[in-house]
Amino acid sequence: MKNKQKILRDLLIGMLGTAFLMGAEWLIYALGKGNEKNGLIQTGWAKMPMWRFEISMLLCAAGVALLAVGLHAAVQVVNASRRRGDVASIRMAKLFHLSANAALIGFLFWHAVNCMLPVIYKSLFETSLMGAEILTTVENVFYVFAIPFYVYRIVAYAGITVSVVYFILVGRLRASKSMLLLNPGVMLAIGYGLKFLKNPQVTDFAAAFGSFGFLFMLSGMIRPVSRKMEREADSY
């Protein structure tokens, strides 16, 4: 693993990117009290000012750019964890790389879709259209994007989680064992689980869990890089 100081810096930049993404997610997913779900429609959308969606997209665009730097560094950390000649570790490293790219494309893609739906709903809500017509229009728009939406999300979260857990369990990634739980896939699942509690405060807090896992994963990779730097310093 070359340029370890640069990798550490890039991991920190990626963590900053996740903070931007968490802010972007909170702005569109935190719906507050009184929200009810009707199919794909969240009634809280009608009360949300348009600036929240605009700022959310700007934060997402900036966050993805910064996260790209961090995930590129994470790919280097994972590649350094491969064992020469070990087909399984090579494939897992490739899976991580593929999933990291899916995450970068996916974050901007699915966030844009999740911003677009409430914007369309709000625009139609102010017209003379009936509720059923509005619901049908929003659902038609969503299903146009549904397949790539879910494919990117599944590949990004599942692929990254499986590969990171693999390298930790086989002892090739000398990161904290807490990353077995504090990773993108598990944190996303926890976020969805908290929504079933139907408590506005908890639901709003869980709104940013989609990015929490990436924050923890990048921070967890600082440890193995720092250890290699310490071992190299001691060898001089």
Side-chain angles (χ1 to χ4, degrees), residues 13-37 40-71 74 99-122 138 141-142 145-146 148-161 181-219:
I13 291 174
M15 291 169 63
L16 177 62
T18 63
F20 277 70
L21 290 171
M22 284 188 283
E25 290 176 325
W26 185 86
L27 282 171
I28 64 170
Y29 297 141
L31 300 170
K33 294 181 179 179
N35 177 68
E36 294 182 4
K37 189 174 182 180
L40 293 175
I41 299 294
Q42 304 281 356
T43 58
W45 288 346
K47 305 174 185 177
M48 294 170 67
M50 197 65 74
W51 63 262
R52 284 183 60 169
F53 304 110
E54 296 168 352
I55 294 179
S56 182
M57 279 306 304
L58 290 174
L59 286 175
C60 180
V64 167
L66 295 174
L67 180 61
V69 177
L71 285 181
S99 303
N101 288 330
L104 293 174
I105 298 171
F107 261 116
L108 195 57
F109 175 71
W110 64 64
H111 196 80
V113 173
N114 284 327
C115 271
M116 180 173 59
L117 296 181
V119 168
I120 292 173
Y121 173 77
K122 281 180 61 68
V138 172
V141 171
F142 172 77
F145 299 96
F149 181 98
Y150 285 113
V151 168
Y152 273 108
R153 200 166 183 86
I154 291 170
V155 171
Y157 282 90
I160 285 177
T161 300
L181 294 177
L182 301 179
N183 58 61
V186 173
M187 293 303 296
L188 182 67
I190 292 174
Y192 275 114
L194 291 176
K195 292 180 181 179
F196 287 103
L197 298 178
K198 296 183 178 180
N199 181 301
Q201 287 76 24
V202 174
T203 301
D204 289 353
F205 172 72
F209 267 49
S211 299
F212 259 132
F214 282 88
L215 173 64
F216 289 132
M217 182 190 72
L218 293 176
S219 63

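Numbering of residues begins at 1 and proceeds along the displayed sequence.
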*Using side chain to side chain contact (heavy atoms under 4.5 Å, CB included) as the criterion, list what pairs up with Leu188, not counting sequence neighbours.*
Arg153, Tyr157, Tyr192

*What closest approach, in Å, do Val138 and Ile120 show between heavy atoms, and which atom pair accounts for it?*
CG2-CG2, 4.3 Å

*Out of curiosity, Leu27 CG to Cys115 SG, how far, rounded to the nearest 0.5 Å?*
8.5 Å

*State, yes or no, whether a side-chain contact exists between Met116 and Phe145 at a heavy-atom distance under 4.5 Å.*
yes

_For Ser99 against Gly159, the heavy-atom pair lying closest together_ = OG-CA, 3.1 Å

_Which residues share a side-chain hydrogen bond (donor to acceptor under 3.5 Å, both in side chains) with Tyr29, sequence neighbours left out_ = Asn114

*Looking at CG of Leu104 and CZ of Phe109, how far apart are the two atoms once the value is rounded to the nearest 0.5 Å?*
15.0 Å

*Locate the shortest heavy-atom distance separating Ala30 from Arg52; write the atom from each residue and the value.*
O-NH2, 2.9 Å

*Check whether any side-chain heavy atom of Leu108 sits under 4.5 Å from a side-chain heavy atom of Cys60, and report yes or no.*
yes

_A side-chain contact here means heavy atoms from C-beta on lying under 4.5 Å apart; do Lys47 and Leu31 qualify?_
no

_Nearest 0.5 angstrom please: Asn183 CG to Met217 CE, how far?_
9.0 Å

*Looking at Phe214, Phe149, Phe20, which one forms a ring-ring contact (aromatic ring centres under 6.0 Å, His included) with Phe107?*
Phe214

*Can you tell me if Lys122 uses its side chain to pair, donor with acceptor, with the backbone of Met50 under 3.5 Å?*
no

*So which heavy atom on Leu66 is nearest to which on Gly17, and how close?*
CB-CA, 3.5 Å

*Set of side-chain hydrogen bond (donor to acceptor under 3.5 Å, both in side chains) partners for Ser211, sequence neighbours left out*: Glu25

*Got Leu21 and Leu59 here, is their nearest side-chain heavy-atom distance under 4.5 Å?*
no

*Name all residues meeting the side-chain hydrogen bond (donor to acceptor under 3.5 Å, both in side chains) criterion together with Asn101; count only those two or more places apart in sequence or in a different chain, and write none if there are none.*
none

*With rounding to the nearest 0.5 Å, note down the distance linking CG in Leu16 to CG in Leu215.*
10.5 Å

*In terms of the angle between their ring planes, are Tyr150 and Phe142 parallel, tilted or perpendicular, with boundaries placed at 30° and 60°?*
perpendicular

_Heavy atoms of other groups near Phe209 CZ, more than 12 under 6.0 Å_ = yes

*Considering all heavy atoms, the nearest Phe53-Pro118 contact*: CE2-CG, 3.4 Å

*With side chains defined as the heavy atoms from C-beta onward, is the minimum distance between Leu117 and Trp45 less than 4.5 Å?*
yes

*Taking all atoms of both residues into account, what is the closest heavy-atom pair of Leu218 and Leu71, and its distance?*
CD2-CD2, 4.3 Å

_Those residues that, when tested against Ser56, pass side-chain hydrogen bond (donor to acceptor under 3.5 Å, both in side chains) (two or more places apart)_ = His111

*asked:* Taking side chain to side chain contact (heavy atoms under 4.5 Å, CB included) as the definition, give me every residue that meets it alongside Leu182, ordered by chain and number, with sequence neighbours left out.
replied: Ser178, Met187, Phe216

